[in-house]
Amino acid sequence: MTETWAEPAPTATALLLLGRGSDADSEKGVDCPGELPPASDPDLVARAKAAKEKLGSSVFILGHHYQRDEVIQFADVTGDSFKLAQQAAARPDAEHIVFCGVHFMAESADILTKEHQKVVLPDLAAGCSMADMAALTQVEKAWEQFTDLGIAGDVVPVTYMNSTADIKGFVGRHGGVVCTSSNAKRALEWAYARGEKVFFLPDQHLGRNTVVREMGFSLDDCVLYNPHKPNGGLSEQELRDAKIILWRGHCSVHGRFTLDCVNEVRERVPGVNVLVHPECKHEVVEAADYVGSTEYIIKVLDEAPAGSSWAVGTELNLVRRVAAAHPDKNITFLDRTVCYCSTMNRIDLPHLVWALEELVAGRVPNQITVDGDTAHYARVALDQMLALP
Ligand code: 13P
Ligand code: SF4
């Protein structure tokens, strides 16, 4: 049986995400070293341009679609997490990859790039609250439970890209695969060809939405594993009967959209099309007209006819950018209140300028590295994703 999902109360993690405190080994925020230029410096754009020019082809800047406009203008490539992983792997000549995104993306880039390449995250406090919701010790404990129950041999682990390198390493070690929101169905089909059950980490919503909406499962085929409860809060029978064991994680940005938002916009905007990301809650996705990854959302809006109306349920930087690119279409945000991803927003122009100028000075700031053994097994799971049909 699925448990009703609720936004958890603010915890110390939330403060860490704001950049206070220090935990360099996890997705949690850390204080940024170095002298940042003030945000009020009128020369920031010129400084970023000059530094980028000096660095030439030795630097390649990747920008996730949820980044601020002030940063995205300097990206050599923009994309969702799948496209950026592909791009990182396809740039063996760039000595430095500057990742304008969040920590787990930079880790994946480090894993996928060559030994001589260095990956830089302009602000180490750019973590991800969802990735933080699955710690390796918790996941290993759950796996021990599956082993004791005698079901581990039937379970294939699948982790969303939005997880730490540790979790990707765990999945690679246990014969699983990484997925993103643009290939979750293909990754799950791959997994079900190899085992009866899937252990889906860490985003319950992407897992549930994919199997129920796209693969014909029922909600009763899904169970929710709560790492904060003994035995995940599940009975032996529930674990044996489940087709998919969903980790109790979620995105704090997409988790904000509610059924009320959908109903309200339908009343307010006649003929509106509701377009949401699959990290949204199941009831929201069920009520939407179109569901898909960030790249899919951009494509749908690019191809929409002039004069059509859209309410979009994803990160606000992206929605604003696409709306500005299509003044002939009525594109609004699904929630009435502001909804940026606060950690994506940590990468601002001062941090980018600082990182680029450090590289010009011959120093490598905020390098993201993943240790050998973890990187090896995480790469197995990432390569498996990149090889999906
Ligand atoms: P995609 O880039 O796969 O659409 O994921 C969205 C997201 O939440 C990134 O952090
Ligand atoms: Fe993490 Fe959600 Fe932000 Fe993506 S949008 S980085 S999943 S908190």
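Residues take their numbers from the sequence shown, with the count starting at 1. None of these values were measured; they are calculated from a predicted model. All ligand and atom numbering here is 1-based and tracks the order in the structure.
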Does CD in Glu196 sit with more than 12 non-hydrogen atoms of other residues, nucleotides or ligands closer than 6.0 Å?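 For Glu196, atom CD is not crowded (no more than 12 foreign heavy atoms under 6.0 Å).
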
For residues Leu55 and Leu356, report the shortest heavy-atom separation together with the two atoms involved. CD1-O, 3.7 Å

Does a side chain donor of either Thr314 or His254 reach within less than 3.5 Å of an acceptor in the other side chain? yes

Is the Tyr192-Phe217 ring centre distance short of 6.0 angstrom? yes

Can you classify the ring geometry of His64 versus Tyr66 as parallel (below 30°), tilted (30 to 60°) or perpendicular (above 60°)?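 Ring orientation of His64 relative to Tyr66: perpendicular.
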
Specify whether Phe199 and Phe170 have parallel, tilted or perpendicular ring planes, treating 30° as the upper limit for parallel and 60° as the lower limit for perpendicular. perpendicular

Is there a ring-ring contact (aromatic ring centres under 6.0 Å, His included) between Phe257 and Phe333? Walk through the geometry before answering. CA-CA 10 Å; Phe257 300 109; Phe333 191 54; 5.6 Å; yes

Who's touching ligand 1 if we go heavy atoms under 4.0 Å?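 Around ligand 1, where the cutoff is 4.0 Å for heavy atoms, the contacting residues are His64, Tyr66, Asp80, Ser81, Phe104, Met105, Tyr160, Asn162, Ser181, His277, Glu279, Thr294, Met344.
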
Show, in sequence, the C-alpha distance, side-chain angles and deciding distance for Trp190 and Met385, and conclude whether the side chain to side chain contact (heavy atoms under 4.5 Å, CB included) test is met. CA-CA 10 Å; Trp190 178 92; Met385 173 188 81; over 6 Å; no

Decide side chain to side chain contact (heavy atoms under 4.5 Å, CB included) for Lys83 and Asp80; before the verdict, give the C-alpha distance in whole Å, the side-chain angles of both, and the deciding distance to 0.1 Å. CA-CA 5 Å; Lys83 186 170 161 193; Asp80 64 1; 3.4 Å; yes

Tell me the protein N, O or S atoms under 2.8 Å from atom 3 (Fe) of ligand 2, in chain and number order. Cys341 SG

